[in-house]
Amino acid sequence: MELSKNYIPNEVEAKWYQYWLDKDYFSSKPDDREPYTVVIPPPNVTGVLHMGHCLNNSIQDILVRRARMHGKNACWVPGTDHASIATEAKVVGMLRERGITKSSLTRDEFLKYAWEWKDKYGGIILQQLKKLGCSLDWNRTSFTMDPAYYKAVIEIFIKLHNEGIIYRGLRMVNWDPVGKTALSDEEVIFKEIDSKLYYVSYPLTDGSGSITVATTRPETILGDVAICVNPTDERYKNFVGKHVIVPIINRKIPVIADEYVDAEFGTGALKITPAHDKNDNELGKKHGLKALNTLDSEGRFTAEELAEDNPSELVLSYNGIDRFDLRKKIVTDISAINQIQKIEDYKGQIGTSERTGAVIESRLSLQWFMDMKKFIGQNPGTIDSVATDQIKFHPAKLKNTYSYWMENIKDWCISRQLWWGQQIPAYYTADGSFAVAASKEEALQKLITQDATLTINDIQQDEDCLDTWFSSWLWPMEVFKGISNPGNPDYNYYYPTTTLVTGQDIIFFWVARMIMAGYAFKDQQPFTDVYFTGMVRDSQGRKMSKQLGNSPDLLGLIDTYGADATRFGIMIASPAGNDILFDESALEQGRNFNNKLWNALKLIKMWEGRQAYEVSRETSVVNEGLGNITHDSRLTTHDFAIRWFQHRLNQVKADVDEMMNQFRLSEALKTIYSLIWDDFCSWYLEWVKPGFEQPIDKDVYEKTVAYFEELMELLHPFMPFITEEIYHLLQNKQDDLCVKQVALLQPFDKSILEAGELLKQVISALRDARNKNQLKPKESIKLHIQTESTANYKAIENILLKQVNAESISYTEATVSNTIVVAVEKDKFFIETEQKLDTGALKNELLKDLDYQKKFLESVSKKLSNERFVQNAKPEVVDLERKKMSDAEARIKTIEESLQNLI
RNA sequence: GGGGGCAUAGCUCAGCUGGUUUAGAGCAUCUGCCUUACAAGCAGAGGGUCCGCGGUUCGAACCCGUGUGCCCCCA
């Protein structure tokens with residue numbers, strides 16, 4: 001079969017993914033193996049694949065594929081999140097394009113559009129995950145609004161309400177005037193902005209002067225109910241208890257004192273607007289002040305609550321003006337009456353909506369909350385499990401972040417003024433009393449006990465729906481129907497899950513709440529390990545964003561480089577827990593790696609038809625410094641190569657195991673990469689490679705194929721497609737790499753590995769000497785070796801000959817004149833060549849080396865002559881230093897002899 | 001304002017229990033090679049004030065203190 005010049009991934013990848021699906025390799029059923037369960041962090045149902053998903057899901061696939069090959073029953077559950085606010089925003093946008101406003105639709109009509117949207121776009125991201133090679137169990141695909149899941153969410157709401165954890169209350173909430181909904185604290189992103197500090201004077205009612213207040217929000221002035229100063233502030237001592245007039249509205253308000261006020265900020269006097277600021281609201285409550293709301297749900301002015309002030313024409317003319325326009329207008333109007341003293345530039349922080357980006361308003365609103373202190377108090381495992389590493393965080397530093405948040409947790413606002421989501425199961429009567437129940441009928445049963453005349457038509461369900469995260473926190477349980485059908489065999493087998501892989505940015509939104517749910521509803525941790533990925537940034541460290549246009553088109557990248565190369569590129573650049581700087585050159589490296597593998601395959605396939613037993617294998621085995629080496633045949637060199645690579649492979653497998661257990665995926669991949677590229681291709685294959693059109697020994701061939709297979713096995717979780725392809729092209733296989741079970745780790749012999757390293761070192765040194773003396777690669781040399789252990793070199797003569805392009809090797813006891821001298825450890829190598837030598841350059845090299853060695857010797861002997869070192873240091877450390885010293889001395893001697901030889 | 005983290009080659013990062021030479025890797029750079037698997041390649045090389053200062057120790061990239069700069073989280 002003819003293999004293409006370079007590896008072409010596209011067809012290969014599509015072919016194998018379909019093949020794996022046809023063989024049903026990714027589907028999992030409970031059996032007597034140990035489960036390895038991973039639930040995907042469900043992407044937004046309308047989302048498309050981006051770099052973050054790519055990183056995240058590559059990691060999950062690596063872990064899952066590896067577990068599958070290591071005897072575990074691997075189950076990776078796919079699915080999507082209904083993403084209440086994000087999806088609703090998209091649907092509203094789509095309707096707007098069609099000229100339909102949300103307000104013109106009934107709830108049912110709107111939901112019909114939303115489901116249409118979901119059905120049309122909902123599967124896209126899952127299809128994209130297939131392109132990436134993700135080995136998800138598609139039979140288990142879940143959605144947070146599936147009927148059973150929906151029911152489970154409602155059930156949990158009712159349960160927590162019955163337990164008094166969920167309550168309804170009028171509270172200050174974070175209000176998104178664009179999404180027109182309340183948000184949780186976690187959905188508010190604080191941003192630093194350039195704003196202005198306005199100094200506004202409020203005249204005293206007794207005419208004795210005025211008090212100046214610094215504010216960043218003059219548009220809320222009409223809701224002011226007091227001025228507050230610090231009681232220790234001498235400047236304002238005489239003002240406390242007096243009254244001032246609010247500009248424009250002319251309301252009379254008191255000057256009060258409270259320690260909360262920071263005398264250093266602004267003028268030291270604070271205006272209190274309880275309806276529009278959380279802290280003001282607290283102060284308002286404390287001092288018995290009224291809250292006057294002056295903004296509507298869309299952030300526009302409303303005078304509705306200002307009737308008592310007999311608002312003027314001017315005030316009424318503000319009605320309907322947006323808060324930011326109002327700010328300018330009010331500043332102009334206060335300026336006109338000379339009550340703006342100055343305006344300063346100010347760097348301030350504002351909260352914005354995570355989803356719509358709108359500036360958040362603090363707003364008094366009747367919402368549903370979860371009493372988190374009480375909830376966590378009942379489920380201490382939530383905090384303890386992470387502190388005691390029963391749930392292990394990778395990187396562990398996030399444990400602190402987690403526990404700090406847990407210990408300072410605030411109540412969770414779970415209601416949203418949206419339609420796309422689980423509708424809150426509370427039912428109201430006309431007089432405002434309500435019951436929480438699974439259905440309208442049940443609610444009626446409850447309400448009827450208070451008012452026997454009620455009928456089903458008299459009650460109405462809460463219009464609002466629940467925070468998306470109030471459904472996603474059940475994800476690891478409910479994908480196995482753990483809430484809707486507890487005790488079912490799947491749930492018993494797969495839950496708790498094994499590893500969760502997710503972004504650091506949703507540690508509070510999601511991870512923390514899943515842990516709570518785990519302890520609250522099953523009294524168990526939901527997973528044992530959490531691997532937190534960083535954020536994917538561009539090569540300059542900037543966040544990827546649509547505005548910057550720096551987020552690459554992932555599917556385009558997969559088309560260009562292949563999924564394997566894309567996975568490689570993103571994994572090689574992502575040390576655990578750090579942000580990853582994405583650079584397309586990493587994908588190029590991945591593609592080149594594909595090509596390297598492909599060419600190694602081509603080389604080995606060339607040998608396939610040229611196998612022969614060339615020399616009898618009946619040879620003596622002698623135990624020498626290089627391990628057990630067979631002597632005196634062409635094959636002896638191959639025996640060394642084969643033995644060395646076997647041990648090297650065993651060693652790397654053990655290393656990789658260790659790294660994978662510690663979730664050091666990037667390092668594991670680097671290690672495998674280097675094993676394949678350097679040890680296998682650059683060294684091993686060159687060592688066993690027969691001459692041009694020469695046959696290869698059958699045993700060597702078979703060993704080489706077996707090694708290549710093992711390498712593919714090791715690499716498969718990282719680069720599933722090309723490894724499966726090569727596995728099948730190497731020789732006809734009945735089984736598939738995807739589900740191959742790996743063998744147990746084998747021990748390795750250090751002395752053989754050291755011998756291999758020495759050989760590499762000698763070859764490199766000789767090549768370096770050739771290079772420095774400008775010997776053409778084609779120019780053959782004669783090599784003379786001066787050594788005490790001739791046998792060691794006899795065993796690898798053929799490798800040496802080939803690798804340094806020597807035509808002969810001989811052994812000598814004396815120095816050989818007129819040659820290039822190379823010293824490695826205690827051995828000397830003389831390169832005899834036709835070419836005229838530049839002894840000056842040679843001499844310089846040797847002198848440089850000599851200088852280095854002498855300085856080194858000096859530092860070691862200094863250390864050893866320090867009595868305190870010899871007394872205090874561990875004996876093995878001292879011994880090591882002694883060995884260093886004697887090695888350095890020997891080497892200096894060698895170099896000095898070589899120098900003499902030159903002259 | 002509170003908390004956490006980071007600073008090592010041009011870039012991205014290893015360096016785990018303080019001692020494996022005078023600190024490593026990948027990428028990038030430079031030199032030489034179209035050597036019959038691979039130029040998407042091969043063979044080599046150069047490149048470091050381990051952020052500054054002070055301390056502990058026989059010994060510090062590593063531990064402690066301090067300064068500087070950057071990042072993240074929370075309010």
Side-chain angles (χ1 to χ4, degrees), chain A residues 3 5-7 185-186 188 190 262 278-279 349 351 395 397-405 408 410 504-505 507-508 534-535 539-541 561 565 572-575 577-583 585-586 588-607 658 662 664 666-667 669-671 673-674 677-678 681-682 685-686 689 691-693 763-772 774-778 802-805 852-853 855-860 862-874 876-878 880-881 883-885 887-888 891:
Chain A
L3 295 176
K5 184 171 184 305
N6 288 332
Y7 175 65
D185 292 342
E186 287 67 39
V188 178
F190 282 90
D262 176 8
K278 249 181 211 171
N279 298 314
Q349 292 241 311
K397 64 181 176 189
L398 287 170
K399 279 165 69 174
N400 287 334
T401 314
Y402 177 86
S403 62
Y404 184 83
W405 183 79
N408 295 283
K410 307 266 168 25
Q504 286 174 26
D505 50 337
I507 180 170
F508 307 134
M535 190 183 293
S539 56
Q540 292 156 54
Y561 296 98
I572 203 82
S574 72
N578 284 8
D579 282 356
I580 100 154
L581 300 193
F582 175 79
D583 193 336
S585 72
E588 230 170 276
Q589 196 188 343
R591 181 197 58 185
N592 296 353
F593 186 35
N594 271 340
N595 210 42
K596 189 71 185 177
L597 294 169
W598 189 247
N599 278 293
L601 172 73
K602 271 162 62 182
L603 177 65
I604 292 169
K605 291 309 276 185
M606 275 173 52
W607 298 343
E658 180 79 19
Q662 295 173 36
R664 289 153 64 189
S666 178
E667 271 180 84
L669 178 56
K670 274 179 192 158
T671 305
Y673 173 79
S674 158
W677 199 302
D678 302 328
C681 293
S682 297
L685 287 180
E686 294 298 334
K689 192 186 204 171
F692 182 49
E693 292 194 337
I763 293 168
S764 290
L766 291 172
R767 282 171 172 172
D768 184 30
R770 289 185 59 118
N771 245 359
K772 290 218 168 98
Q774 292 172 333
L775 294 185
K776 292 260 181 296
K778 280 184 180 167
K802 238 187 333 193
Q803 295 269 280
V804 303
N805 192 19
Y852 177 94
Q853 294 297 336
K855 278 189 184 153
F856 174 61
L857 180 64
E858 204 182 314
S859 83
V860 176
K862 203 174 144 195
K863 210 175 198 180
L864 280 167
S865 59
N866 180 341
E867 273 176 39
R868 297 214 280 175
F869 168 71
V870 181
Q871 277 167 20
N872 293 324
K874 278 180 273 180
E876 57 266 37
V877 174
V878 179
L880 193 67
E881 292 300 316
K883 185 175 180 301
K884 283 184 202 167
M885 186 158 89
D887 285 355
R891 183 134 172 89

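What you see below is based on every heavy atom in this structure, not just the backbone, and it leaves out hydrogens, waters and symmetry mates. Per chain, numbering begins at 1; letters A, B, ... match sequence-line order. No experiment lies behind these values; they were computed from the predicted model shown.
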(request) Would you check if the side chain of A:Asp579 reaches a backbone N or O of A:Gly534 as a donor-acceptor pair within less than 3.5 Å? (result) no
(message) What contact category does A:Asn866 fall into here, base, sugar-phosphate, or nothing, at under 4.0 angstrom with non-hydrogen atoms?
(response) sugar-phosphate
(message) Categorize A:Ser674 for me: base, sugar-phosphate, or nothing, with a 4.0 angstrom heavy-atom threshold over every strand shown.
(response) nothing
(request) Identify whether any heavy atom of A:Phe593 sits under 4.0 Å from a base atom; if not, whether one sits that close to sugar-phosphate; answer base, sugar-phosphate or nothing. (result) nothing
(request) Remember a base hit wins even if backbone is also touched, and classify A:Gln853 as base, sugar-phosphate or nothing at under 4.0 Å, heavy atoms. (result) nothing
(request) Check whether any side-chain N or O of A:Thr401 sits under 4.0 Å from OP1 or OP2 of B:C72, and answer yes or no. (result) no
(message) Base, sugar-phosphate or nothing for A:Lys5? Non-hydrogen atoms, less than 4.0 Å.
(response) sugar-phosphate
(message) With a cut-off of less than 4.0 Å, is there a side-chain N or O of A:Lys689 near OP1 or OP2 of B:A37?
(response) yes
(message) Please tell me if A:Lys862 has a side-chain N or O lying less than 4.0 Å from either OP1 or OP2 of B:U22.
(response) no
(request) Determine which nucleotide pairs with B:A61, using a 3.5 Å limit on both distances of a Watson-Crick or G-U wobble pair. (result) none
(request) Could you give the distance separating B:G18 and B:C62 at their P atoms, to the nearest angstrom? (result) 12 Å
(request) Nearest whole angstrom, please: distance from the C1' of B:U36 to the CG of A:Leu685. (result) 15 Å
(request) Please answer whether the main-chain N or O of A:Glu667 pairs with a side-chain N or O of A:Thr671 as donor and acceptor at a distance below 3.5 Å. (result) yes
(request) Ignoring backbone atoms, test whether A:Lys596 places a side-chain nitrogen or oxygen under 4.0 Å from the OP1 or OP2 oxygen of B:A37. (result) no
(request) Please state the C1' separation for the pair B:C11 and B:A7 - nearest whole angstrom. (result) 15 Å
(message) Using whole Å, what does the distance between atom C1' of nucleotide B:G59 and atom CG of A:Leu864 come to?
(response) 12 Å
(request) Quote, to the nearest angstrom, the C1' distance that separates B:A61 from B:U8. (result) 7 Å
(request) Once you apply the 3.5 Å cut-off to both distances, tell me the Watson-Crick or G-U wobble partner of B:C30, or none. (result) B:G44
(request) Sticking with atom P, work out how far B:G48 lies from B:A25, rounded to a whole angstrom. (result) 14 Å
(request) Please state whether the phosphate of B:C74, meaning OP1 or OP2, lies under 4.0 angstrom from any side-chain nitrogen or oxygen of A:Tyr402. (result) no
(message) Taking only the P atom of each, what is the distance from B:C64 to B:C27 in whole angstrom?
(response) 35 Å
(message) Between A:Val877 and A:Phe869, is there a side-chain heavy-atom distance shorter than 4.5 Å?
(response) yes
(request) Examine B:U35: is either OP1 or OP2 under 4.0 Å from a nitrogen or oxygen in the side chain of A:Asn805? Give yes or no. (result) no
(request) Kindly say if A:Arg591 contacts the phosphate of B:A40, meaning a side-chain N or O under 4.0 Å from OP1 or OP2. (result) no
(message) Tell me whether A:Arg591 contacts the main-chain N or O of A:Tyr7 through its side chain, where contact means a donor paired with an acceptor under 3.5 Å.
(response) no
(request) Indicate, with a heavy-atom threshold strictly under 4.0 Å, whether A:Asn872 touches base, sugar-phosphate, or nothing. (result) base
(request) Hunt down the Watson-Crick or G-U wobble partner of B:G1, both distances under 3.5 Å, from any strand shown, or write none. (result) B:C74
(message) Within the 4.0 Å heavy-atom criterion, would you say A:Glu667 contacts the bases, only the backbone, or no part of the nucleic acid?
(response) sugar-phosphate
(request) Taking A:Asn599 for its side chain and A:Asn595 for its backbone only, find out whether a donor-acceptor pair lies under 3.5 Å. (result) yes
(message) I'd like to know whether A:Glu686 forms a side chain to side chain contact (heavy atoms under 4.5 Å, CB included) with A:Lys802, so could you lay out the CA-CA distance, the side-chain angles of the two residues, the decisive distance to 0.1 Å, and finally the verdict.
(response) CA-CA 8 Å; A:Glu686 294 298 334; A:Lys802 238 187 333 193; over 6 Å; no
(request) Give none if B:U21 has no partner; otherwise give the nucleotide forming a Watson-Crick or G-U wobble pair with it, both distances under 3.5 Å. (result) none
(request) May I ask which nucleotide in the shown strands pairs with B:U35, Watson-Crick or G-U wobble, both distances under 3.5 Å? (result) none
(request) Can you tell me the distance, in whole Å, between the CD atom of A:Gln589 and the C1' atom of B:A25? (result) 11 Å
(request) Verify whether one side chain among A:Asn866 and A:Lys863 offers a donor that lies under 3.5 Å from an acceptor in the other. (result) no
(message) Taking pairing as Watson-Crick or G-U wobble with both contacts under 3.5 Å, can you name the mate of B:C6, or confirm there isn't one?
(response) B:G69
(request) Report which part of the nucleic acid A:Trp677 touches: base, sugar-phosphate, or nothing (heavy-atom distance under 4.0 Å, all strands). (result) sugar-phosphate
(request) Give one of base, sugar-phosphate or nothing for A:Glu686, where a contact means two heavy atoms less than 4.0 Å apart. (result) base
(message) Rounded to whole Å, please give me the gap between CZ in A:Arg868 and P in B:G59.
(response) 6 Å
(message) Side chain of A:Lys863 only, heavy atoms from C-beta on: which candidate in B:C73, B:G19, B:G2 is closest?
(response) B:G19
